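This report refers to the structure that appears directly beneath it.
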Amino acid sequence: MALKGRSGRLNGSPPPRSRVIRVLVLALLIPIAIPAAAQSAPAAGPRVTRRLAVGGATIVAATLATMPFDVRIAEEMRDASPQRRVWMRDGARGFDVIGDPGVLVASAAMYGVGRLVRSPGLTAVGMHSGEAVVIGGATTSLLKLVAGRARPYASQNDAGAFTPGRVAGGHTSFPSGHTTVAFAFAAATTAEIAARSHRAAWIAGPALYGMATLVGGARMYDDKHWASDVVLGAGIGTVAGIETVAWNRAHPRNLVERTFASVRVTPARHGVAFGIEIASR
């Protein structure tokens with residue numbers, strides 16, 4: 001007797017490999033289109049409102065354009081063929097960790113090392129990427145509550161299962177939090193690197209955005225998110241990262257900058273010591 005995959009398709013009659021590959025590639029490339037366009041925006045300037053409006057409209061349009069394909073992509077991700085591949089399962093688990101808590105840990109580590117070795121550049125990268133992760137994550141959490149969309153595994157293949165205000169029972173799908181923070185980290189880090197070296201940014205940017213895209217792909221592979229959840233998360237994270245760096249560049253003496261500038265990290269006998277420097281008159 002032929003066994004059924006998670007999508008209900010008979011293992012004895014799998015879909016054409018070429019179609020599966022096309023759908024998987026599409027699912028992974030959709031999120032990267034938003035940051036590719038957004039990253040070209042100026043880091044700071046008087047047209048922030050217009051830039052946000054254009055970026056927001058692009059994100060909404062991309063999300064709505066992806067929604068008709070949510071069920072089809074989810075079915076291909078659930079198919080027995082990709083689910084049997086050990087390297088895909090292990091990779092998905094790894095990228096899940098990179099999304100949460102990996103990018104926040106990386107931000108804290110860069111900030112701490114930057115303060116320890118007295119590197120303003122590394123400190124700024126760590127601090128601003130961490131800010132972007134927190135801002136993007138908070139925005140996503142609020143939208144999850146407002147939307148109340150059921151995750152793929154909890155919706156019986158109903159991609160339109162929105163129950164505003166509900167978060168219990170797996171109704172926290174829209175948008176993807178892991179994808180948001182991964183793209184926030186990628187966008188902020190790339191923007192900081194670009195401010196110092198465009199050549200380095202051309203190397204680091206694709207790697208960072210590629211990593212973030214694979215985090216989104218892992219969430220779909222795990223049946224935790226629809227493709228449109230990932231697209232929206234990618235857009236929110238990218239805007240959070242770029243605008244966080246832009247804001248800090250335009251307001252170098254803001255409260256967050258002054259607060260973290262007072263932190264001192266020094267070597268200690270069994271590790272490092274943290275302290276707060278308080279100015280006195």
Side-chain angles (χ1 to χ4, degrees), residues 1-34 62-100 102 140 143-144 147-163 166-183 210-237:
M1 179 183 295
L3 298 177
K4 287 188 177 182
R6 289 167 61 184
S7 65
R9 185 182 287 111
L10 292 177
N11 291 346
S13 56
R17 182 178 297 274
S18 60
R19 185 161 64 88
V20 174
I21 292 175
R22 285 200 302 270
V23 173
L24 293 179
V25 169
L26 173 64
L28 291 176
L29 290 183
I30 284 172
I32 210 167
I34 298 172
T63 302
L64 293 176
T66 308
M67 282 184 169
F69 303 98
D70 277 340
V71 174
R72 181 180 301 179
I73 292 174
E75 288 178 342
E76 298 296 349
M77 288 289 188
R78 295 185 192 119
D79 193 81
S81 179
Q83 290 295 329
R84 281 199 303 262
R85 300 183 185 279
V86 176
W87 66 270
M88 293 185 73
R89 292 200 305 270
D90 292 343
R93 283 195 291 267
F95 283 108
D96 280 343
V97 174
I98 289 174
D100 184 18
T140 296
L143 289 176
K144 285 178 181 288
R149 189 185 199 182
R151 294 182 184 270
Y153 68 81
S155 67
Q156 296 182 345
N157 236 24
D158 180 7
F162 288 88
T163 309
R166 180 180 177 183
V167 295
H171 282 255
T172 53
S173 187
F174 189 78
S176 167
H178 282 68
T179 308
T180 299
V181 297
F183 272 89
M211 174 273 297
T213 301
L214 289 172
V215 170
R219 300 304 286 166
M220 291 187 287
Y221 178 86
D222 289 339
D223 210 26
K224 298 295 180 62
H225 285 287
W226 306 100
S228 56
D229 300 337
V230 169
V231 171
L232 181 57
I236 293 171

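None of the values given here were measured: they were computed from a predicted structure. Heads up: numbering here begins at 1 and tracks the sequence. Computation of the quantities below employed the complete heavy-atom set of this structure, encompassing side-chain atoms and omitting hydrogens, waters and symmetry-equivalent molecules.
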Return the minimal non-hydrogen interatomic distance between [X] and [Y], and the atom names on each side.
{"X": "M67", "Y": "F174", "answer": "CE-CE1, 3.8 Å"}
{"X": "P82", "Y": "M77", "answer": "CG-O, 4.0 Å"}
{"X": "T66", "Y": "S228", "answer": "CG2-N, 3.8 Å"}

Tell me, please, which residues at least two apart from [X] pass side chain to side chain contact (heavy atoms under 4.5 Å, CB included).
{"X": "A159", "answer": "D70, V71, R149, W226"}
{"X": "D100", "answer": "H178"}
{"X": "R151", "answer": "K144, Y153, T172, S173, R219, K224, H225"}

Under the salt bridge (Lys or Arg N to Asp or Glu O under 4.0 Å) rule, collect the residues that match up with R89, sequence neighbours excluded.
-> none

Those residues that, when tested against F95, pass ring-ring contact (aromatic ring centres under 6.0 Å, His included) (two or more places apart) |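 Expected list: none.
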
What side-chain donor-acceptor pairs closer than 3.5 Å can you find for residues 230-237, not counting sequence neighbours?
none

Return yes if some donor-acceptor pair links the side-chain N/O of S176 with the main-chain N/O of T179 below 3.5 Å, else return no.
-> yes

Would you say R85's side chain and W87's backbone share a donor-acceptor pair under 3.5 angstrom?
-> no

Would D90 and R93 pass as an ion pair if we require N to O under 4.0 Å?
-> yes

Report the C-alpha distance between Y221 and Q83 in whole Å, list the side-chain angles of each, state the deciding distance to 0.1 Å, and finish with yes or no for side chain to side chain contact (heavy atoms under 4.5 Å, CB included).
-> CA-CA 8 Å; Y221 178 86; Q83 290 295 329; 3.7 Å; yes

